[in-house]
Amino acid sequence: MNGKVRTPDGRTLTAQDWGDPHGRAVLLLHGTPGSRLGVAPAEVLARWPGVRFFAYDRPGYGGSDRAEGRDVAHCARDAAEVADALGIRSFAVLGRSGGGAHALACAALLPERITGTAALVATAPRDGAGLDWFEGMTPYNVREYSLALRGASVLAASLVPQAEAIRADPSRLLAGIAEGLSPSDAQVVADPAVRAMLLANYREALAASAYGWIDDCLALSRPWGFDPADIRGRVLLWHGAEDTFSPVGHFHWLAHRIPSAEAVLAEGAGHFGAMAAFDSVLERLLAG
């Protein structure tokens, strides 16, 4: 299925599902910037024939209408609407990078529906007590989130022209983030299947506008709208020790804050190592 979901406030979300329609359901939440096309390479999803995967473009990305002013918590409402439209009652949720915080929102705010949560290379809340949020972060992300702290118009002045350039040539985003890639990240991104997925993902994410990207950055830079300490379901945190996009301090903060967290720190792995870890994470996620 690849179709439209209408929300109670009149917005449209573009959603997609794959795999066994009668299998255990797993919601996949994309990164920042991203779209439903960037959750995992197709051959990886094909290795799980008994699972029903579903995903959607967060507001402002791809074919989904913008929800101006959204916070991270907003994701839980949209995820529930997409699941309802697909006839899915309970589901696991797996979010990577910018999708990690949004996966935790589902865990915190939809406890009666979420069977398990995995947050891969996730950022922690900007207002996390005792966390130096920018410590160890690549200059690319420092610039982006520093502009977000100055307000939407300042951030838009930077990201709108970037989005136009990436829309014309998605490889520009990969070139832009190259300074933050660890050696292991560079190896992952060089894989033809991963690179093709990322390019299609960025092209779709920014096809209509830059506002999904802008609103994600703003949401991740502001209070999330829930406390990760309130999550009571099981949560798997996976992080690469060499990650500079979501620095390892964020992982340690979340691991200490979430009572039920199982924390896996992969030595030698970076941010994009989460893609290589997809199968092992999914196996743990579906084991409960």
Taking the side chain as C-beta and beyond, is there a heavy-atom pair between [X] and [Y] under 4.5 Å?
{"X": "I231", "Y": "T117", "result": "no"}
{"X": "F278", "Y": "L120", "result": "no"}
{"X": "R11", "Y": "L13", "result": "yes"}
{"X": "L104", "Y": "I258", "result": "yes"}
{"X": "W48", "Y": "E283", "result": "yes"}
{"X": "I177", "Y": "T138", "result": "no"}
{"X": "R58", "Y": "W213", "result": "no"}
{"X": "R36", "Y": "T14", "result": "yes"}

Using the rule that two of Ile, Leu, Val, Met, Phe, Trp, Tyr join whenever any of their side-chain heavy atoms come within less than 4.5 Å, decide whether [X] and [Y] are in one cluster.
{"X": "Y202", "Y": "V160", "answer": "yes"}
{"X": "M197", "Y": "L29", "answer": "no"}
{"X": "L86", "Y": "L110", "answer": "yes"}
{"X": "M137", "Y": "Y140", "answer": "no"}
{"X": "L254", "Y": "V281", "answer": "no"}

Results of salt bridge (charged side-chain N to carboxylate O under 4.0 Å, His left out) for [X] - residues two or more places apart only:
{"X": "D127", "value": "none"}
{"X": "R113", "value": "D84"}
{"X": "R195", "value": "none"}
{"X": "R52", "value": "D17"}

In Å and rounded to the nearest 0.5 Å, what is the [atom1] to [atom2] distance from [X] to [Y]?
{"X": "W18", "Y": "L28", "atom1": "CH2", "atom2": "CG", "answer": "6.5 Å"}
{"X": "H102", "Y": "D78", "atom1": "NE2", "atom2": "CG", "answer": "9.5 Å"}
{"X": "H30", "Y": "D57", "atom1": "NE2", "atom2": "CG", "answer": "5.5 Å"}
{"X": "T123", "Y": "F251", "atom1": "OG1", "atom2": "CZ", "answer": "14.0 Å"}
{"X": "I88", "Y": "L27", "atom1": "CD1", "atom2": "CG", "answer": "8.5 Å"}
{"X": "L155", "Y": "I214", "atom1": "CG", "atom2": "CD1", "answer": "5.5 Å"}

### Query
More than 12 foreign heavy atoms under 6.0 Å from CD of Q187: is that the case here?
no
Measure across [X] and [Y] and return the closest heavy-atom pair with its distance rounded to 0.1 Å.
{"X": "P125", "Y": "L131", "answer": "O-CD2, 3.8 Å"}
{"X": "P33", "Y": "A205", "answer": "C-CB, 4.5 Å"}
{"X": "A79", "Y": "C106", "answer": "CB-SG, 3.8 Å"}
{"X": "V5", "Y": "A85", "answer": "CG2-CB, 3.7 Å"}
{"X": "L45", "Y": "A40", "answer": "CD2-CB, 3.8 Å"}
{"X": "S158", "Y": "L147", "answer": "CB-CD1, 3.5 Å"}

### Query
So which pairs with a foot in residues 129-152 pass salt bridge (charged side-chain N to carboxylate O under 4.0 Å, His left out), sequence neighbours left out?
R143-E179
### Message
Once salt bridge (charged side-chain N to carboxylate O under 4.0 Å, His left out) is applied, what residue pairs with a partner in residues 154-169 remain, sequence neighbours excluded?
### Response
none
### Summary
For Y211, the ring-ring contact (aromatic ring centres under 6.0 Å, His included) test, sequence neighbours excluded, returns none
### Task
Taking ring-ring contact (aromatic ring centres under 6.0 Å, His included) as the test, write out the residues that go with F91, two or more places apart.
F54
### Query
Which pairs count as side-chain hydrogen bond (donor to acceptor under 3.5 Å, both in side chains) when at least one residue sits in residues 60-70, sequence neighbours excluded?
Y61-D216, R66-D215, R70-D216
Donor-acceptor check, side chain of [X] to backbone of [Y], threshold 3.5 angstrom: yes or no?
{"X": "T12", "Y": "K4", "value": "no"}
{"X": "H239", "Y": "S246", "value": "yes"}
{"X": "R96", "Y": "G100", "value": "no"}
{"X": "N141", "Y": "F245", "value": "yes"}
{"X": "N201", "Y": "L37", "value": "no"}
{"X": "W253", "Y": "A129", "value": "yes"}

### Query
D230: what forms a side chain to side chain contact (heavy atoms under 4.5 Å, CB included) with it, not counting sequence neighbours?
D227
### Task
Measure from the ring center of Y145 to the ring center of W133 and say whether it is less than 6.0 Å.
yes
Please report, to 0.1 Å, the donor-acceptor pairs under 3.5 Å made by any side chain of residues 260-276, with sequence neighbours excluded.
{"residue": "S260", "atom": "OG", "partner": "G233", "partner atom": "O", "Å": "2.3"}
{"residue": "E262", "atom": "OE2", "partner": "R284", "partner atom": "NH1", "Å": "2.2"}
{"residue": "H271", "atom": "ND1", "partner": "D243", "partner atom": "OD1", "Å": "3.1"}
{"residue": "H271", "atom": "ND1", "partner": "D243", "partner atom": "OD2", "Å": "2.8"}
{"residue": "H271", "atom": "NE2", "partner": "S97", "partner atom": "OG", "Å": "2.8"}

### Query
Sequence neighbours excluded, which residues qualify as side chain to side chain donor-acceptor pair (under 3.5 Å) partners of S280?
none
### Message
Working note: C75 + Y56, criterion side chain to side chain contact (heavy atoms under 4.5 Å, CB included); need CA distance, chi angles, decisive distance, verdict.
### Response
CA-CA 11 Å; C75 171; Y56 69 96; 3.4 Å; yes
